[in-house]
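A short worksheet on the structure shown next.
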Amino acid sequence: MTYLLNIDEAIDRKFLVTKSIKGQAEAGTIIHVMDAEKVSNSLLVAYRVSRFNGKFHDFQDYNAKFDDVNQFCKWAQPDNFIARNYESFSIKDIQHYIKVKNRTFFSFCLPLILLAAIVIWALAFVLLDGVIKFVLGGALTVVAIFFVFSLFKSQKKKEKMRMYKKISSGWGVVIE
């Protein structure tokens with residue numbers, strides 16, 4: 001949401017909450033920003049959270065105070081794909097999408113690469129002798145890096161396609 005030039009552009013939009021505010025909005029819910037105003041050096045945002053309680057929707061209005069627009073942007077990021085079609089997704093779908101979408105190289109790939117490298121080099125030193133352990137260990141480490149990085153990219157793509165398929169099935173559109 002860093003593309004917002006001023007807070008007025010956020011009013012009357014729906015946003016996907018990425019960081020929970022205790023007792024107000026849970027991560028993965030959709031909020032509707034009703035009003036926002038600058039108060040001295042901070043930002044006061046009035047928003048509505050709707051929850052489905054079995055038979056009817058429960059609407060609850062809240063106010064949240066942020067130090068600046070950037071802090072608000074980090075809290076409620078627009079994901080137009082989710083925000084437009086949130087009626088088609090369960091909370092579990094949305095939260096899983098956030099989890100996969102928010103993965104980074106350092107939080108997902110690096111730990112897997114390090115684990116694979118440790119296992120590869122330990123096995124190479126135990127099972128092989130001479131120069132071959134360095135050649136095979138290095139080659140397998142490069143293969144592991146390539147595999148983990150391609151897994152990282154494909155999971156993000158598969159998750160988005162799964163979500164698109166879920167909403168497009170109601171339109172009679174098949175995405176392959």
Side-chain angles (χ1 to χ4, degrees), residues 1-5 10 13-31 43 45 49 51 64-170 173-176:
M1 193 160 99
T2 55
Y3 64 85
L4 285 180
L5 300 175
R13 279 190 168 172
K14 292 183 179 174
F15 294 95
L16 175 65
V17 176
T18 57
K19 184 178 178 186
S20 297
I21 289 185
K22 192 172 184 176
Q24 293 183 12
E26 297 295 321
T29 58
I30 306 292
I31 63 163
L43 182 69
V45 176
V49 177
R51 295 177 184 90
K65 190 174 182 180
F66 300 96
D67 293 335
D68 56 15
V69 175
N70 288 336
Q71 189 183 28
F72 170 71
C73 293
K74 288 179 184 174
W75 177 71
Q77 69 183 16
D79 189 325
N80 294 330
F81 165 63
I82 292 280
R84 273 197 315 269
N85 302 294
Y86 69 92
E87 298 93 351
S88 303
F89 304 126
S90 68
I91 295 296
K92 191 175 181 180
D93 283 334
I94 293 171
Q95 288 174 337
H96 183 68
Y97 177 74
I98 291 172
K99 179 180 152 189
V100 171
K101 183 179 177 244
N102 288 344
R103 285 181 179 160
T104 64
F105 178 81
F106 293 107
S107 69
F108 181 75
C109 294
L110 195 58
L112 291 177
I113 290 170
L114 290 174
L115 180 66
I118 290 169
V119 170
I120 289 168
W121 284 102
L123 288 174
F125 275 101
V126 170
L127 300 176
L128 302 171
D129 290 325
V131 177
I132 192 108
K133 67 180 158 190
F134 294 108
V135 173
L136 194 58
L140 288 176
T141 302
V142 170
V143 169
I145 291 169
F146 177 75
F147 176 75
V148 169
F149 193 68
S150 61
L151 176 71
F152 171 69
K153 291 184 88 168
S154 71
Q155 277 188 338
K156 284 189 172 192
K157 183 178 178 182
K158 282 181 184 178
E159 183 61 22
K160 194 162 223 171
M161 290 305 293
R162 183 185 72 82
M163 298 291 261
Y164 274 121
K165 285 179 183 177
K166 190 168 184 177
I167 60 165
S168 66
S169 64
V173 176
V174 178
I175 299 173
E176 291 297 331

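The analysis underlying the following values was restricted to heavy atoms, covering all of them including side chains, and did not include hydrogens, waters or symmetry mates.
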Rounded to the nearest 0.5 Å, what separates atom [atom1] in [X] from atom [atom2] in [Y]?
{"X": "Met161", "Y": "Ser154", "atom1": "CE", "atom2": "OG", "value": "13.0 Å"}
{"X": "Phe152", "Y": "Cys109", "atom1": "CZ", "atom2": "SG", "value": "5.0 Å"}
{"X": "Gln155", "Y": "Ser150", "atom1": "CD", "atom2": "OG", "value": "10.0 Å"}

So does Phe147 have more than 12 non-hydrogen atoms from other groups sitting under 6.0 Å from CZ?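 Not buried by this count: 12 neighbours or fewer within 6.0 Å.
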Is Ile132 atom CD1 crowded by more than 12 heavy atoms from other residues, nucleotides or ligands, each under 6.0 Å away?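 For Ile132, atom CD1 is not crowded (no more than 12 foreign heavy atoms under 6.0 Å).
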For the residue pair Glu159 and Asp93, what are the closest heavy atoms and their distance?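 In this case the closest contact between Glu159 and Asp93 is OE2-O, 4.3 Å.
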For Ala116 and Ala144, which heavy atoms make the closest approach, and how far apart are they?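 In terms of heavy atoms, the two residues are closest at CB-CB, 3.9 Å.
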Which residues share a side chain to side chain contact (heavy atoms under 4.5 Å, CB included) with Ile98, sequence neighbours left out: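 Applying side chain to side chain contact (heavy atoms under 4.5 Å, CB included) to Ile98 gives Leu16, Ile94, Asn102.
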Do [X] and [Y] come within less than 4.5 Å of each other through their side chains, counting heavy atoms only?
{"X": "Trp121", "Y": "Val126", "value": "no"}
{"X": "Arg13", "Y": "Phe15", "value": "yes"}
{"X": "Leu151", "Y": "Phe108", "value": "yes"}
{"X": "Tyr97", "Y": "Lys160", "value": "yes"}
{"X": "His96", "Y": "Met163", "value": "no"}

Tell me whether Gln71 contacts the main-chain N or O of Asp67 through its side chain, where contact means a donor paired with an acceptor under 3.5 Å.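 Present.
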Ignoring hydrogens and geometry, is there a side-chain-to-backbone donor-acceptor pair from Lys156 to Arg103 under 3.5 Å?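 A pair under 3.5 Å: yes.
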Name of the residue among Ile113, Leu136, Ile120, Ile118 meeting side-chain contact (heavy atoms from CB on, under 4.5 Å) with Thr141: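 Of all the options given, the one that passes is Ile120.
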If the condition is side chain to side chain donor-acceptor pair (under 3.5 Å), which residues does Ser107 pass it with, not counting sequence neighbours?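 With neighbours one apart ignored, the set is Thr104.
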